[in-house]
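Working notes, structure below.
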Amino acid sequence: MNKALVILSTLAILLGGCGVNKEEANQTQAGEEQKAPKEMDTKDLPQVTAFQDEATREYMVSTKEVEPGYYLLESKTKRFRMLFPDKGKVILSRSSYISEYEESIGFNSYDEDNNILFDGKVTYYKGHSFVQDTEVMLEIISGKNDYTGEYHNEENNNNNIYLASKKYTFDNIDRKNNFTYGYFGFVRFEEEKDEGIEFSFNYSCKDDDKACNLEEGETKNSAKKIIESISFLSNGKE
């Protein structure tokens, strides 16, 4: 390693913080040169699901952990990146790359220690008329989720985020933990009014015979961490 790279690496450690900002989510460490995870030998990759699962590995940007328990995912359209849990696994049957203007990524992640299953899906749209009309977009999402309430709106890193939540209780299911916390909505890229991401995240207890401390506050924080990390890549570049 040359002297310049040593200095850069040292500065990165000294200046690094616990939070994740857009710059951290959009780039690997300055001066770092390595193969893409999908090109590496599995024995040289982190021993977590996100890298050891072949399908998921295709989406991973770097072996660098962005936050404890999270790495960086990039869409096949190369139009956006977001945090992805280390235990996460892309579900091919729920994922599709239609074109550079539309892509879906379905995934789940199981926290065995807390017996919590996280199921998520994000769908990227570009150039569709309904993306430009926020009211229409939210009506579509509300219909999919049988939701009639309002959306919380916030701006974050040049994104306009619309977030709603709902607790689903399934009385027709004979199990102790018969409820799910759902978070859904839309993230629109403010630099490109016809570009955005629809998201749907659900948290539930996986096994009835295991302890499960599923709390609304913690699941909401978990969902927001990923939603707020979404970063659009202009013209496919950082």
Side-chain angles (χ1 to χ4, degrees), residues 20-22 25-26 59 70 72-85 88 90-109 118-169 180-204 216 219-238:
V20 175
N21 56 38
K22 184 173 182 180
N26 276 349
Y59 293 85
Y70 290 89
L72 196 61
L73 172 146
E74 182 176 276
S75 65
K76 290 187 179 296
T77 59
K78 298 190 179 301
R79 294 294 304 188
F80 73 91
R81 290 180 174 182
M82 69 179 193
L83 289 179
F84 192 77
V90 170
I91 310 301
L92 291 180
S93 61
R94 298 176 56 223
S95 304
S96 62
Y97 173 75
I98 297 174
S99 71
E100 62 180 307
Y101 302 110
E102 187 172 339
E103 175 184 5
S104 293
I105 305 173
F107 59 93
N108 61 36
S109 175
F118 166 39
D119 182 82
K121 186 173 184 179
V122 293
T123 301
Y124 168 81
Y125 298 107
K126 166 75 174 174
H128 297 279
S129 59
F130 55 81
V131 176
Q132 300 179 54
D133 191 325
T134 301
E135 287 189 13
V136 171
M137 189 72 226
L138 294 181
E139 283 180 9
I140 293 172
I141 295 171
S142 293
K144 291 180 180 179
N145 294 277
D146 191 24
Y147 181 70
T148 58
E150 300 295 322
Y151 287 79
H152 171 73
N153 177 224
E154 69 174 68
E155 292 185 7
N156 182 276
N157 287 334
N158 208 28
N159 293 340
N160 213 328
I161 300 173
Y162 298 86
L163 170 66
S165 62
K166 184 176 180 179
K167 182 179 180 180
Y168 301 91
T169 301
T180 294
Y181 288 116
Y183 303 91
F184 46 89
F186 182 61
V187 180
R188 191 172 76 173
F189 184 31
E190 285 306 292
E191 288 185 11
E192 301 286 345
K193 299 297 185 180
D194 66 343
E195 189 171 11
I197 292 173
E198 176 186 354
F199 62 85
S200 176
F201 297 158
N202 294 297
Y203 297 80
S204 57
E216 184 176 10
T219 57
K220 184 175 184 178
N221 289 338
S222 174
K224 287 188 68 175
K225 179 188 290 289
I226 296 177
I227 295 162
E228 293 177 353
S229 77
I230 291 175
S231 178
F232 291 90
L233 309 178
S234 300
N235 298 318
K237 297 180 181 179
E238 296 180 50

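- For Asp119 and Arg94, the salt-bridge test passes: some basic side-chain N is under 4.0 Å from an acidic carboxylate O.
- In this view, Tyr151 and Tyr147 satisfy the ring pair (Phe, Tyr, Trp, His ring centres under 6.0 Å) rule, not counting sequence neighbours.
- Ring geometry for Tyr203 versus Phe118: interplanar angle under 30°, hence parallel rather than tilted (30 to 60°).
- Distance CG/Leu83 to CD1/Ile227: 11.5 Å, rounded to 0.5 Å.
- At distances below 3.5 Å, at least one donor-acceptor pair connects side-chain atoms of Glu103 with backbone N or O atoms of Thr77.
- Using a 4.5 Å heavy-atom threshold, the side chains of Tyr162 and Thr134 count as touching.
- Side chain to side chain, Glu195 and Tyr125 fail the donor-acceptor criterion of an N or O pair below 3.5 Å.
- Phe107 and Tyr59 have their aromatic ring centers separated by at least 6.0 angstrom.
- For Lys224, the salt bridge (charged side-chain N to carboxylate O under 4.0 Å, His left out) test picks out Glu154, Glu228, with sequence neighbours left out.
- At a threshold of 4.5 Å between non-hydrogen side-chain atoms, the residues Lys126 and Glu102 do not count as touching.
- In this structure, Glu198 pairs ionically with Lys144, as a charged nitrogen and a carboxylate oxygen lie closer than 4.0 Å.
- Under a 4.0 Å N-O distance rule, the pair Glu74/Lys78 qualifies as a salt bridge.
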For side-chain contact (heavy atoms from CB on, under 4.5 Å), just list the numbers for Phe189 and Asn160, CA-CA rounded to whole Å, side-chain angles, deciding distance to a tenth of an Å, and then say yes or no. CA-CA 7 Å; Phe189 184 31; Asn160 213 328; over 6 Å; no
